[in-house]
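Take a look at the structure set out below.
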Amino acid sequence: MKESALQNKITSYLKKQNRFYIKTQGGMAGVQIGTPDIITIDDNGTLVGLELKRPDHKGNYGVTIEQKHQGEKIKQFNGRWYVIDSFMKFIDLELFEKEWSE
């Protein structure tokens, strides 16, 4: 599964749950390099940054210095930041109270 397929699965879930989320692409106008792939808000109102990586660990799998830096900035201000390489890892974060189904 490619990173884009994982991103689609997570954003489909968020949309189905009527959740706020933003898909980002670092380097585009106004988006800093290293910004998480998905930004959402958990049930407590906390910003959550999700850095997605390919589940098959192929391609550019590692987290970059810029991504780590942005993650640390998010956590510095009491946000949550995670590296996610599977849909189950995302679900296991327990960000939301609602039950999930695929």
Side-chain angles (χ1 to χ4, degrees):
M1 176 187 289
K2 291 185 176 183
E3 185 179 310
S4 59
L6 176 60
Q7 184 177 63
N8 289 337
K9 194 167 189 173
I10 291 172
T11 56
S12 291
Y13 169 85
L14 293 169
K15 187 174 184 177
K16 191 176 188 181
Q17 298 297 324
N18 199 32
R19 294 286 174 173
F20 169 84
Y21 70 92
I22 298 171
K23 282 186 350 180
T24 70
Q25 187 170 355
M28 292 188 69
V31 179
Q32 292 181 354
I33 293 174
T35 297
D37 297 304
I38 298 173
I39 297 172
T40 189
I41 299 171
D42 70 12
D43 279 346
N44 297 316
T46 302
L47 181 135
V48 178
L50 304 172
E51 183 57 48
L52 306 182
K53 296 298 173 188
R54 286 179 65 140
D56 61 10
H57 297 195
K58 293 182 179 175
N60 294 328
Y61 181 73
V63 178
T64 68
I65 292 170
E66 294 85 2
Q67 291 166 340
K68 287 179 186 175
H69 177 72
Q70 294 297 350
E72 289 304 315
K73 283 172 54 177
I74 289 169
K75 292 190 290 186
Q76 179 183 0
F77 290 95
N78 301 316
R80 297 166 70 180
W81 179 79
Y82 302 99
V83 177
I84 302 295
D85 63 2
S86 74
F87 185 71
M88 287 309 300
K89 189 179 268 188
F90 165 71
I91 292 299
D92 287 345
L93 295 176
E94 298 181 358
L95 301 173
F96 316 113
E97 292 181 19
K98 292 183 179 181
E99 293 295 315
W100 67 277
S101 62
E102 292 188 58

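Note that the coordinates shown come from a computational prediction; the quantities given were computed from them, not determined experimentally. Computed from heavy atoms alone, side chains included, the values below leave out hydrogens, waters and symmetry copies.
- Proximity of R54 to L6: side-chain heavy atoms (C-beta onward) are nowhere separated by under 4.5 Å.
- To the nearest 0.5 angstrom, L47 atom CG is 13.0 Å from K75 atom NZ.
- Between the OH atom in Y21 and the CD1 atom in I39 there is a gap of 13.0 Å [rounded to 0.5 Å].
- The side-chain heavy atoms of L93 and L50, taken from C-beta on, include a pair separated by under 4.5 Å.
- Salt-bridge annotation for K53 and D37: absent, with no side-chain N of the basic residue lying under 4.0 Å from a carboxylate O of the acidic one.
- In terms of the side-chain hydrogen bond (donor to acceptor under 3.5 Å, both in side chains) criterion, residue partners of Q70 (sequence neighbours excluded) are, by chain and number, Q32.
- Taking both residues in full, the closest heavy atoms of N8 and K23 are given as OD1-NZ, 4.3 Å, listed atom of the first, atom of the second, then distance.
- Minimum interatomic distance between K68 and W81 (heavy atoms only, all atoms of both residues): CA-CH2, 4.2 Å.
- At distances below 3.5 Å, at least one donor-acceptor pair connects side-chain atoms of T24 with backbone N or O atoms of P36.
- Annotation: the span from L14 atom CG to N18 atom CG amounts to 10.5 Å, rounded to 0.5 Å.
- Looking at T46, its side chain never comes within 3.5 Å of a backbone N or O of G79 through a donor-acceptor pair.
- The CG atom of L95 lies 7.5 Å from the OG1 atom of T40; values are rounded to the nearest 0.5 Å.
- From I33, atom CD1 reaches atom CD1 of I65 across 12.5 Å, with rounding to the nearest 0.5 Å.
- Going from atom CD of E51 over to atom OG1 of T35 covers 9.0 Å, rounded to the nearest 0.5 Å.
- A distance-only check finds a donor-acceptor pair linking the side chain of D42 to the backbone of N44 [under 3.5 Å].
- Ring geometry for F90 versus Y13: interplanar angle over 60°, hence perpendicular rather than tilted (30 to 60°).
- In plain terms, the two heavy atoms of R19 and I41 that are nearest each other are NH1-O, 4.2 Å.
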